[in-house]
Protein chains: 2
Amino acid sequence: MSLDHLSQEHQDKVIKIRKRVIEAIGRSMDLYGVTQSTGHLYGLLFFADKPMTLDEMGQEMKMSKTSMSTSVRTLLDLQMVNKVWEKGSRKDLYEVEYDWFQTFTDYFAIEWRKSVETSLQIFRKSIEEMQKLIQDVPEEDAIRRVLMEDQRKMEEAVGYYLWLNRLIDSLESGDIYQLIPKDNPRDV
Amino acid sequence: MSLDHLSQEHQDKVIKIRKRVIEAIGRSMDLYGVTQSTGHLYGLLFFADKPMTLDEMGQEMKMSKTSMSTSVRTLLDLQMVNKVWEKGSRKDLYEVEYDWFQTFTDYFAIEWRKSVETSLQIFRKSIEEMQKLIQDVPEEDAIRRVLMEDQRKMEEAVGYYLWLNRLIDSLESGDIYQLIPKDNPRDV
DNA sequence: TAGTTTGTACAGTTTTTACTGTACGTTCTA
DNA sequence: TAGAACGTACAGTAAAAACTGTACAAACTA
């Protein structure tokens with residue numbers, strides 16, 4: 001990691017610091033639903049001062065190349081690492097995406113949207129079908145009240161899904177940064 | 001489920017609708033990191049017109065009482081169900097929390113905060129230690145640049161964590177609803 | 001074209017997680 | 001106070017996920 005010219009003592013210190021931070025990153029990455037080890041790999045790449053190959057990763061992580069391949073692929077899907085082209089090298093090179101704001105918003109936008117879209121569709125269809133059913137049932141019947149209650153619950157859920165959809169929109173568009181600015185005057 | 005007085009045909013329709021919605025809920029609940037079956041249980045409770053006992057759940061879910069016990073406990077921890085007291089009954093009764101806004105914000109507030117707090121602490125400590133190290137190293141040395149780069153990366157990360165902390169604050173305080181109102185005029 | 005090198009598919013193994021059944025402590029009931 | 005009913009701890013089993021090593025297709029090299 002290009003610390004060669006440092007005294008042994010200093011080298012140890014740097015490695016210790018990095019290792020601790022890498023650990024922290026690895027742990028906190030379960031927010032993104034990835035394995036500890038995938039998170040750990042991300043942490044490793046975080047401190048790498050140049051793009052790494054699968055072999056280098058495997059060496060550092062003391063894990064198989066196959067595992068590195070799958071981990072990197074996961075991180076690529078999450079857009080947390082980028083493939084880098086370097087002339088001369090036949091190997092694939094990867095480096096981390098340092099824009100954590102983007103990483104965060106991308107991930108949850110995708111994850112939440114996936115869930116919302118299908119749910120919304122099903123809830124709406126079900127509300128509609130329930131409506132037809134209610135019209136078939138005599139008024140003021142106990143059973144009618146049960147069905148209407150079902151319907152009400154589903155409509156409330158739809159309200160929530162629509163809100164979540166708008167929240168996702170604001171993550172994607174960046175409007176969220178109007179309410180929560182990237183750098184807060186009070187923190188600086 | 002108190003649909004007894006309905007014709008067989010209508011009963012089947014209601015059950016079909018409910019089942020479809022329950023499935024959808026069950027699937028979408030993996031957002032909250034719970035098992036399919038725990039999500040499914042939540043869906044079941046969603047349509048229950050009265051609080052349910054563990055035995056009833058087990059019967060409906062065709063699963064062991066033990067599983068119901070652990071699932072319910074998970075949902076209780078996530079504040080997605082509430083324990084209900086009913087005089088006369090010795091059994092514990094549970095009903096869902098219908099406020100999905102609250103459920104959502106609670107969950108992610110807690111989850112994210114957990115991750116941010118520890119990370120922030122570690123990053124800050126590490127930046128500090130790295131600073132000391134940098135002062136030990138001769139100026140304009142290549143190694144110094146590497147350390148300063150490490151430091152810069154960590155400071156950028158801290159910026160992100162502070163932002164996330166503020167986002168969490170706004171979820172917890174409800175300020176988020178100023179940017180994204182619960183009911184959008186355009187949707188109504 | 002033959003010979004390397006590189007990334008990944010796939011099968012097998014280990015580890016982890018989900019679920020079940022039994023057993024037991026606690027609480028209510030008579 | 002004895003007996004029954006309830007929820008859960010715990011141990012065992014089944015299912016799923018993570019990881020490894022081998023093998024192979026594609027891409028490069030000479």
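Naming: A, B, ... by sequence-line order, numbering from 1 per chain.
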Under 4.0 Å between a Lys/Arg side-chain N and an Asp/Glu carboxylate O for [X] and [Y]?
X	Y	value
B/Asp150	B/Arg145	no
B/Glu117	B/Lys114	no
B/Arg113	B/Glu172	yes
B/Lys16	A/Glu129	no
B/Glu156	B/Arg152	yes

**Report entry** Closest listed nucleotide, where the reference is the side chain of A/Asp55 and the choices are D/dG7, C/dG7, C/dT4
**Finding:**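 Of the candidates, C/dG7 comes closest.
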Can you tell me the distance, in whole Å, between the [atom1] atom of [X] and the [atom2] atom of [N]?
X	N	atom1	atom2	value
A/Lys87	D/dC28	NZ	P	17 Å
A/Lys62	D/dA18	NZ	P	23 Å
B/Leu76	D/dG7	CG	P	12 Å
B/Met61	C/dA18	CE	P	14 Å
A/Lys65	D/dC24	NZ	C1'	13 Å
B/Leu54	C/dT20	CG	P	14 Å
B/Met52	D/dC6	CE	C1'	17 Å
B/Asp77	D/dT8	CG	P	11 Å

Report summary line: Within residues 28-43 of chain B, those residues having any heavy atom closer than 4.0 Å to DNA chain C are B/Thr35, B/Ser37
Query - Selection: residues 66-75 of chain B, any non-hydrogen atom under 4.0 Å of DNA chain C - result: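 Residues of residues 66-75 of chain B under 4.0 Å from DNA chain C: B/Thr66, B/Ser67.
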Query raised in the report: Would B/Lys182 count as a cation-pi partner of B/Tyr177, with NZ or CZ less than 6.0 Å from the six-membered ring centre and within 45° of the ring normal?
Result: yes
Query raised in the report: Do B/Lys153's NZ or CZ and the ring of A/Tyr98 fall within the cation-pi criteria of under 6.0 Å and 45°?
Result: no
Report task. Compute the ring centroids of B/Tyr161 and B/Trp112, then answer whether they are less than 6.0 Å apart. Result ->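 Judged by ring-centre distance (under 6.0 Å), B/Tyr161 and B/Trp112 do not meet the cut-off.
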Query - Main-chain N/O of B/Ser115 paired to B/Thr118 side chain as donor or acceptor, under 3.5 Å - result: yes
Requested in this report: Classify the side chain of A/Arg90 and the base of C/dT5 as holding, or not holding, a donor-acceptor pair under 3.5 Å.
Outcome: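 Such a pair is found, so the answer is yes.
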Query raised in the report: Does B/Lys91 have a side-chain nitrogen or oxygen under 4.0 Å from the phosphate oxygens OP1 or OP2 of D/dA5?
Result: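 No, no such contact exists.
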